[in-house]
Amino acid sequence: MSSLALLVALVVVMVVLQAAVGLAYLAHRHPEAATPLLVGIGGTALIASWVIPIVVGR
């Protein structure tokens, strides 16, 4: 695997983690709306459902 591919994979992982933590934080600030862990996992699954077809399609 090339260095560029590893760097892109690292950036994608960092963006997904940041988005999941951001969603969980928003749910934590408004607990009557949703469970924070469920929102974080759901956000991660949503992003993965967009990224995986792009990666597999190569």
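What's counted below: heavy atoms across the whole structure, side chains too, no hydrogens, waters or symmetry copies. Values in this document were obtained by computation on a predicted structure and should not be read as measured data.
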Distance-only donor-acceptor pairs under 3.5 Å for side chains of residues 22-29, two or more places apart:
none

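Contact check for S49 versus L46: side-chain heavy atoms found under the 4.5 Å cut-off.
Nearest heavy-atom pair, P53 versus A48, reported as atom, atom and distance to 0.1 Å: CD-O, 4.1 Å.
When the side-chain contact (heavy atoms from CB on, under 4.5 Å) test is applied to S2, the partners found at least two apart in sequence or on another chain are L4, A5.
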